[in-house]
Amino acid sequence: MDNITQLAFNARQAANVLQTLTTAQKSVFLNQIYLKLALAKADILAANKVDKDLALKQVEAGKLSSSLYKRLDLEGAGKFETMLQGIKDIDELEDPAGKVHSAIKLDNGLDLYRVSCPVGVLLVIFEARPEVVVNIAALALKSGNAAILKGGKESFHTCSAISKAIREALDAAGTEDLNLADAVQIVESRQDIDALLKQDKYIDLVIPRGSNALVKYIQWNTRIPVLGHADGLCSTYVAETAKLDLAKTVVVDAKTTYTAACNSTETLLVHSSHLKSNFFQELAKTLVVDNGVTLKCDAASLAVLEKEDVAEIFKEHKDKIQASDDEDYDTEFLELTLAVKTVGSTEQAIEHINEHGSKHTDAILTESEVEANKFMAGVDAAGVYWNASTRFADGFRYGFGAEVGVSTNKTHARGPVGLEGLVIYKYRLYGQGQATGNYGAGEGKKAFLHERIELRGNDTIATLRG
């Protein structure tokens, strides 16, 4: 057995143990990880500084994007503490495994239950953002999954330091009969990933977090199911009845609070009525003059900003008012740049988003709940918002504790994927010696009862059969 196959096999063995653990046992491992990471803070931040120094040279040489560089930082105010708190938050969440979601009495003494269970072994591939190692490790353990992680080369030193602390924690919390040292493993080279993508015997789900190119590469090179998204082309539509102050607050937040995030708004759709008043020019002023955003405008919106009396407002920011081209509406800028398009109706906004969006998250700003519901029903995306920033598309903000990634797939998990997205289900049938030959039509045959067993909420097999 070669090294990569052995690694995947070891992860499967760990997953087989993990799926049998109680919530209390999982909590012991999570608490130990929290403690070991807290003790290793100085070493981890020192490693992070090494990675950032090396990455900055790559940015200056034009070989690494500034957005990837921003995602690398773990030294920023509160970032390390937030990472640690994520472990506590996950530990306090309800265990998603072992929940009964449906129960049917097939016959007296023959009961069928659909019960949530871990996926198994996760292969998570990400670029930069070394805190992903901690997020995934905690989410995987809490949900009963093993994880194999591959970070970008830019975060190599940081990921190695974090991985060392996690492995020490798993060793410390384990026993001779409960060895989870291989429950979280990290691989280093691109060649390892190519080999792991062939391990469909042992790996159950691949979760890529990164660029469009990374996600597409993985989707095209494995038979293992892939959960993720290729782009974060999020749009915000400012409808006819939107309030200016609300629009300023929401759009500025959606564009500027973290431009490198996949939930940052990249396209601003503006109802044509706002070009006939000072609404659009005031919104543009807030974005450009006050927040340094570059607007790539269609012909109608550009004409408004180039009027002599309006252009005076932007005279010191002329370079930030630009004409758009078709490609801009298919671009994830990941910087202070926003494509602007004028539409004449909610239907046109929906049509544009469904054609150019990435099915991630899109928002409408309007005073009409009827219009908002129409938008949210018509837009094909994992998240659709009314009068709220697209930046809310985040597992932590959703109350998931953390997220393993964002999925635009139309599978069991969509949107920010937390614990519930890391479990599937199995059917448990409890009988008393029944055989299928006893059931059916004809003399001496029995009919199935198919009676629903009432669930009280958060039921487990123990609560239902205890």
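Sequential numbering from 1 along the given sequence is applied to the chain's residues. Values below: all heavy atoms of this structure, side chains included; hydrogens, waters and symmetry mates excluded.
- Partner R391 forms a side-chain hydrogen bond (donor to acceptor under 3.5 Å, both in side chains) with one of T256, T257, D253 and no other, that one being T257.
- Residues D95 and K26 are paired through a salt bridge, judged by an N-O separation under 4.0 Å between the basic side chain and the carboxylate.
- With hydrogens and angles ignored, the 3.5 Å screen pairs a side-chain donor or acceptor of S116 with a backbone N or O of P96.
- Taking the six-membered ring where tryptophan is involved, the planes of F400 and Y398 are perpendicular, since the angle between them exceeds 60° and thus also 30°.
- A salt bridge is defined here as a Lys NZ or Arg NE, NH1 or NH2 lying under 4.0 Å from an Asp or Glu carboxylate O, and D53 with K57 fails to meet this definition.
- A salt bridge between K410 and D380 is present, with a side-chain N of the basic residue lying under 4.0 Å from a carboxylate O of the acidic one.
- A cation-pi arrangement is absent between R12 and Y202 under the rule of less than 6.0 angstrom and at most 45 degrees off the ring axis.
- R397 has no carboxylate O lying under 4.0 Å from a charged side-chain N of E403, or vice versa, which leaves the two without a salt bridge.
- The environment of OH in Y217 is crowded: more than 12 heavy-atom neighbours from other residues, nucleotides or ligands sit within 6.0 Å.
- For the residue pair T390 / T361, no side-chain donor-acceptor distance below 3.5 Å is found, with atom types taken as modelled.
- Between R465 and D111, at least one side-chain N (NZ, or NE/NH1/NH2) sits under 4.0 Å from a carboxylate O, which counts as a salt bridge.
- No donor-acceptor pair under 3.5 Å is formed between the side chain of S389 and the backbone N or O of F392.
- H412 places a side-chain N or O within 3.5 Å of a backbone atom of G421 that can act as its donor or acceptor partner.
- For the atom pair CZ of R414 and CG of N409, the computed distance is 9.0 Å after rounding to the nearest 0.5 Å.
- Electrostatic pairing of E266 and K255 counts as a salt bridge here, judged by a charged N lying under 4.0 Å from a carboxylate O.
- Ring planes of Y237 and F375: parallel class, angle under 30° (limits at 30 and 60°).
- Under the 4.0 Å criterion applied to side-chain N and carboxylate O atoms, K164 and E168 are assigned as salt-bridge partners.
- With hydrogens and angles ignored, the 3.5 Å screen pairs a side-chain donor or acceptor of N354 with a backbone N or O of G378.
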